[in-house]
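Everything numeric here is computed off the predicted structure, so don't read it as measured data. Counting starts at 1 for both ligands and their atoms, in listed order.
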Amino acid sequence: MLHFTPTILKNLFSKSATRLYPIEKREPFENVRGELDIDIAGCKLCGICARKCPAACITVDKKKGIWQVDPFACIYCGICADSCPTKCLYFKGQYREPVIQKVVKIMEKPVEEQVDQSK
Ligand code: SF4
Ligand code: SF4
C-alpha cells in the first residue's frame with residue numbers, strides 16, 4: 001500500500017486527464033462531418049441516397065413520404081450528401097449526442113409537399 005501512496009496522492013490532487021463528457025465538450029476538429037441531417041422540404045424522395053449508401057442505413061418510402069436513416073449504422077462517408085440531386089442532405093459538423101437507446105431518425109414529408117415535388 002505504501003508503495004502506491006505517492007501515485008494515489010498525485011492522482012487525487014492533479015488535473016483529470018480526461019474531460020467530463022458530455023458536460024464538458026470538445027470543439028469538433030476542422031472538416032469533421034458529424035451527424036447527417038436532412039432538409040425534408042427539399043427532398044423529392046427519389047431514393048438515390050438510399051441506393052448509394054454503402055452501409056444501407058437510409059430507407060426511402062415514396063408512397064408513405066418517409067425518409068429515414070439509422071445513425072448508428074452510418075459510417076459518415078458522405079456519399080449520400082454528394083449524390084443527392086437537391087442537396088437537401090447535409091452534415092451538422094458536430095458529433096452525435098450520446099443516447100441510452102439506439103433510435104432510427106424518421107422524417108415524414110407532408111402530403112401536399114410530395115405532390116408539389118412531383119410536378
Ligand atoms: S437523394 Fe436527396 S432528394 Fe433523393 S431521397 Fe435522398 S435526400 Fe431525398
Ligand atoms: S454518410 Fe455514408 S453511410 Fe452515412 S447515410 Fe450517407 S451514404 Fe450512408
Leu36 heavy atoms within 4.0 Å reach ligand 2 at atoms 5 (S)
Per-atom filter on ligand 2: closer than 4.0 angstrom to a heavy atom of Ile75 are 3 (S), 4 (Fe)
In this structure, are over 12 heavy atoms from other groups packed under 6.0 Å from Glu24 atom CD? yes
Which atoms from ligand 1 have a heavy atom of Leu45 less than 4.0 Å away? 5 (S), 8 (Fe)
By number and element, which atoms of ligand 1 are closer than 4.0 Å to a non-hydrogen atom of Pro85? 1 (S)
Return the closest protein heavy atom for atom 1 (S) of ligand 2 as residue, atom name and distance. Gly78 N, 3.2 Å
For atom 6 (Fe) of ligand 1, decide whether Cys49 has an N, O or S atom at a distance under 2.8 Å. yes
Considering only heavy atoms of Thr86, which atoms of ligand 1 have at least one such atom less than 4.0 Å away? 3 (S)
Closest protein heavy atom (residue, atom, distance) for atom 3 (S) of ligand 1: Lys44 N, 3.4 Å
Any non-hydrogen side-chain atom of Lys109 less than 4.5 Å from a side-chain atom of Leu45? yes
Starting from atom 8 (Fe) of ligand 1, what is the nearest protein heavy atom, named by residue and atom, and what distance separates them? Cys43 SG, 2.3 Å
Please state which part of Ile58 comes within less than 4.0 Å of ligand 1, counting heavy atoms only: side chain, backbone, both or neither. neither
What protein heavy atom is closest to atom 2 (Fe) of ligand 1, reported as residue, atom name and distance in Å? Cys84 SG, 2.3 Å
Side-chain heavy-atom pair Val69, Leu36 within 4.5 angstrom cut-off: yes
Taking side chain as C-beta onward, heavy atoms only, is Ile48 less than 4.5 Å from Cys84? no
Could you tell me, atom by atom, which parts of ligand 2 come under 4.0 Å of a heavy atom of Phe91? 1 (S)
Any N/O/S atom, side chain or main chain, of Cys88 closer to atom 8 (Fe) of ligand 1 than 2.8 Å? no
Proximal ligand 2 atoms for Pro54, defined as those under 4.0 Å from one of its heavy atoms: 7 (S)
Could you check if a side-chain atom of Trp67 sits within less than 4.5 angstrom of a side-chain atom of Cys49, using non-hydrogen atoms only? yes
For the atom pair CD1 (Ile106) and NZ (Lys64), what is the distance rounded to the nearest 0.5 Å? 10.5 Å
I would like to know whether Tyr76 and Arg96 meet side-chain contact (heavy atoms from CB on, under 4.5 Å); could you show each step before the answer? CA-CA 11 Å; Tyr76 305 100; Arg96 192 178 58 237; 2.7 Å; yes
Answer yes or no for Cys46: is there an N/O/S atom below the 2.8 Å cut-off from atom 4 (Fe) of ligand 1? yes
Report yes if some heavy atom in the side chain of Asn11 is under 4.5 Å from a heavy atom in the side chain of Phe4; otherwise report no. no
Report the nearest protein non-hydrogen atom to atom 6 (Fe) of ligand 2: residue, atom name, distance rounded to 0.1 Å. Cys80 SG, 2.3 Å
Can you confirm whether Ile40 sits close enough to Cys88 that some side-chain heavy atom of one is under 4.5 Å from a side-chain heavy atom of the other? no
Looking only at non-hydrogen atoms, find the nearest pair between Pro85 and Lys44 and report the distance. CG-CE, 3.8 Å
Lys/Arg N to Asp/Glu carboxylate O, Asp37 vs Lys105, below 4.0 Å: yes
Option with minimal heavy-atom separation from atom 4 (Fe) of ligand 2, where the choices are Cys53, Cys74, Cys57: Cys74
